[in-house]
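Worksheet: the structure to be examined is printed underneath.
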Amino acid sequence: MPAPTRRTVVCGLLAGLVAPVSLAACSSETPAANRPAGGSSGSGGTPLAKLADVPVGSGAIVDGPSGKVLIVRPSENEVKGLNPLCPHAGVTVSQPAGGTITCPGHGSVFDAATGDMKKGPATTGLIPIPVKISGDSVVTA
């Protein structure tokens with residue numbers, strides 16, 4: 001058997017690289033990156049809390065699929081999700097009270113309806129996490 005030429009080797013390598021990609025494109029499975037959070041194929045998202053457990057004008061810190069989520073409820077039919085870690089030093093903020101969210105670490109104050117910074121030492125607001133109301137629950141959006 002003669003020794004393979006450079007062209008034969010390169011063509012073989014290219015065929016080996018292209019075949020798996022072609023087979024993956026024919027798969028009926030939805031890639032994980034395109035599936036909704038929680039791995040479900042529905043449009044409901046991952047349940048975080050019952051809406052009744054998040055008081056209007058206040059909030060609740062719950063476990064989410066990627067860590068803690070501070071759910072705030074500015075009005076009867078509106079919820080917002082926020083990362084409960086203060087952007088200043090990573091301390092978990094307190095639940096909303098009197099229209100504000102306070103960091104017990106160094107006293108930063110955030111707006112309870114939006115997470116926007118009102119008083120430092122933090123220099124930015126709390127990071128939003130997409131959530132929505134689905135039936136009687138708050139779920140990931």
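Bear in mind that the values here come from a model prediction, so they are computed numbers and not experimental data.
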Which atom of Ile101 lies closest to which atom of Pro96, heavy atoms considered: CG1-CG, 3.9 Å
For the student: nearest non-hydrogen atoms of Val139 and Gly45, plus distance: CB-C, 4.1 Å
Trace of the side-chain contact (heavy atoms from CB on, under 4.5 Å) decision for Lys68 with Asp63: CA-CA 5 Å; Lys68 299 282 185 191; Asp63 290 321; 2.6 Å; yes
Taking only distance into account, with no hydrogens and no angle test, what donor-acceptor pairs under 3.5 Å do side-chain atoms of residues 115-129 form with protein atoms, sequence neighbours excluded?
residue, atom, partner, partner atom, Å
Asp116, OD2, Thr114, OG1, 3.2

Spatial distance of atom OG (Ser108) from atom NE2 (His88) [nearest 0.5 Å]: 6.0 Å
Donor-acceptor contact below 3.5 Å, side chain Thr140 vs main chain Thr46: yes
hydrophobic_cluster_shared for Leu48 and Val79, side chain cutoff 4.5 Å: yes
Expected output: side-chain Glu78 to main-chain Arg73 donor-acceptor under 3.5 Å: no
Closest non-hydrogen atom pair between Pro55 and Asp53, with its separation: CD-O, 3.5 Å
Distance, nearest 0.5 Å, that separates CZ of Phe110 from SG of Cys86: 4.0 Å
Closest contact, heavy atoms only, Thr100 versus Ala112: N-CB, 3.6 Å
In one Ile/Leu/Val/Met/Phe/Trp/Tyr side-chain cluster, 4.5 Å: Val93, Val62: no
Atom of Ala49, atom of Ile71 and distance for their closest heavy-atom approach: CB-CD1, 4.1 Å
Same cluster (ILVMFWY, side-chain, under 4.5 Å), Leu51 and Val69: yes
Spacing of CD1 belonging to Ile61 relative to OG belonging to Ser94, to within rounding of 0.5 Å: 7.5 Å
